[in-house]
Amino acid sequence: MSFDADEFGLSYHSEDGSPVLAEYIQYLANRQLIQYKRIVHTGGKAGESLWTHIMNLVTTIEKLRPLFKLTDVEMRVLLLALTIHDLNKLAEYRRPGGATRDLSYANAVTSENIETELKEKLKVGAFFREWEDYLNDIKYLADGHQEKALAISQIDARHLQGCRLEEDRLAGPLKFLMKIADVTDNSHSGDHTSWNEKHVRDKLINHVNTALGESSIPFRYRFIGHRIAEQRGILTNVIHNQLVAYLRERFGKAACIDLLYHPEGVDYLLDKRVALSWTAEMQQEIAERIRLRFADLQSRDLEKFIKAAPSGIHVDDAAIQSEAPLCDIFQIISNTVERKRYALD
């Protein structure tokens with residue numbers, strides 16, 4: 001996924017030209033949704049703002065959108081359902097005296113409250129003009145993420161009859177995509193051996209494969225992952241990015257989906273039909289790819305490694321190690337000499 005940051009906030013460009021997430025970021029995430037940054041989670045997501053939580057979920061759906069062939073309307077409805085699925089966390093539904101007296105999810109996330117939030121506070125019309133026609137769908141999907149208490153909308157046939165999306169899609173893969181997105185944000189570590197992380201991954205893969213079954217997609221996924229032993233800041237991020245690109249290219253973008261990101265590594269959904277092997281040749285290919293990437297980054301900043309010094313022009317070893325053409329290095333040296341003023345002596 002390709003995100004950029006500018007004076008207007010985040011921006012996004014999808015690989016296949018889908019405009020939905022880009023418009024969500026433009027018209028919601030960078031605007032009215034920013035007020036959710038003031039709402040901070042407690043418990044398992046302690047310290048994470050509601051804005052960050054929602055952005056984690058919508059980007060998860062974007063990764064899975066091509067797999068489930070979501071239409072633009074289905075995607076817009078899903079993103080709005082994710083936006084308001086934690087409506088009970090807002091201040092107006094929190095009562096003085098502690099969480100035990102807060103409004104329950106069922107009492108807070110009503111159709112009326114959803115409509116008020118989307119229309120008056122978030123002003124979602126710029127993102128999805130016809131959203132009010134899909135209010136029942138948004139409510140149904142928001143309720144669908146609940147695991148412990150089944151909402152009435154999930155068992156009342158009349159509610160489904162009032163929805164606009166196809167019932168088989170709504171009650172099938174779309175509902176499970178809500179569960180998938182919410183569960184992904186419960187993963188806080190790349191330590192897949194810990195009980196909590198194993199539990200999260202087991203739930204995730206079950207929801208993913210159930211959604212595939214509901215979509216009549218005849219294959220299933222399993223988790224694989226890579227880990228990096230040492231954390232070296234931006235250098236580690238470069239290595240992660242090269243590993244992700246390599247594995248997706250080798251196995252195919254549909255067969256290998258980078259789903260969970262952690263500082264120490266990435267977990268992928270890998271098609272069970274794809275044999276997983278890791279050879280010395282593959283490791284060498286990865287190492288060469290990473291070397292070339294660092295060389296490219298160094299060559300882009302070549303001027304940083306060639307500086308005027310009192311005794312002449314200093315060429316840092318990094319300039320040579322960048323493998324930039326010698327003509328480029330000498331051109332920068334020449335430009336540096338022309339700018340430098342020398343005393344007559």
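Count residues from 1 along the sequence.
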Spacing of D258 atom CG and L243 atom CG [to the nearest 0.5 Å]: 11.5 Å

Worked check of side chain to side chain donor-acceptor pair (under 3.5 Å) between S194 and N196: CA-CA 6 Å; S194 74; N196 181 69; 5.6 Å; no

Contacts of type side chain to side chain contact (heavy atoms under 4.5 Å, CB included), residue E167, not counting sequence neighbours: L160

Listed once per pair and sorted, the salt bridge (Lys or Arg N to Asp or Glu O under 4.0 Å) pairs that draw on residues 236-246, sequence neighbours left out: none

Which residues share a side chain to side chain contact (heavy atoms under 4.5 Å, CB included) with A171, sequence neighbours left out: Y140

Reported NZ-to-CZ distance for the pair K69 and R169, which is rounded to 0.5 angstrom: 9.0 Å

Approximate separation, where rounding is to 0.5 Å, of L33 CG and Y27 OH: 16.0 Å

Rounded distance (nearest 0.5 Å) linking atom OG of S215 with atom CG of L174: 8.0 Å

Pair listing, salt bridge (Lys or Arg N to Asp or Glu O under 4.0 Å) test, anchored in residues 19-41, at least two apart: E23-R76

Aromatic ring pairing Y24/F127, orientation class (parallel under 30°, perpendicular over 60°, tilted between): perpendicular

Enclosure of N237 CG (heavy-atom neighbours >12, cutoff 6.0 Å): yes

Pairs flagged by salt bridge (Lys or Arg N to Asp or Glu O under 4.0 Å) wherever residues 205-227 is involved - sequence neighbours left out: R227-D267

Salt bridge D143-K175, side-chain N to carboxylate O under 4.0 Å: no

From L270 atom CG to I224 atom CD1, the distance as rounded to the nearest 0.5 Å: 4.5 Å

Worked verdict on E15 versus K253 for salt bridge (Lys or Arg N to Asp or Glu O under 4.0 Å): CA-CA 11 Å; E15 293 181 351; K253 293 179 181 178; 3.7 Å; yes

Ring pair (Phe, Tyr, Trp, His ring centres under 6.0 Å) partners of residues 212-234, not counting sequence neighbours, each pair once: F219-Y221, H226-H240, H226-Y268

N-O pairing of E249 and R289 below 4.0 Å: yes

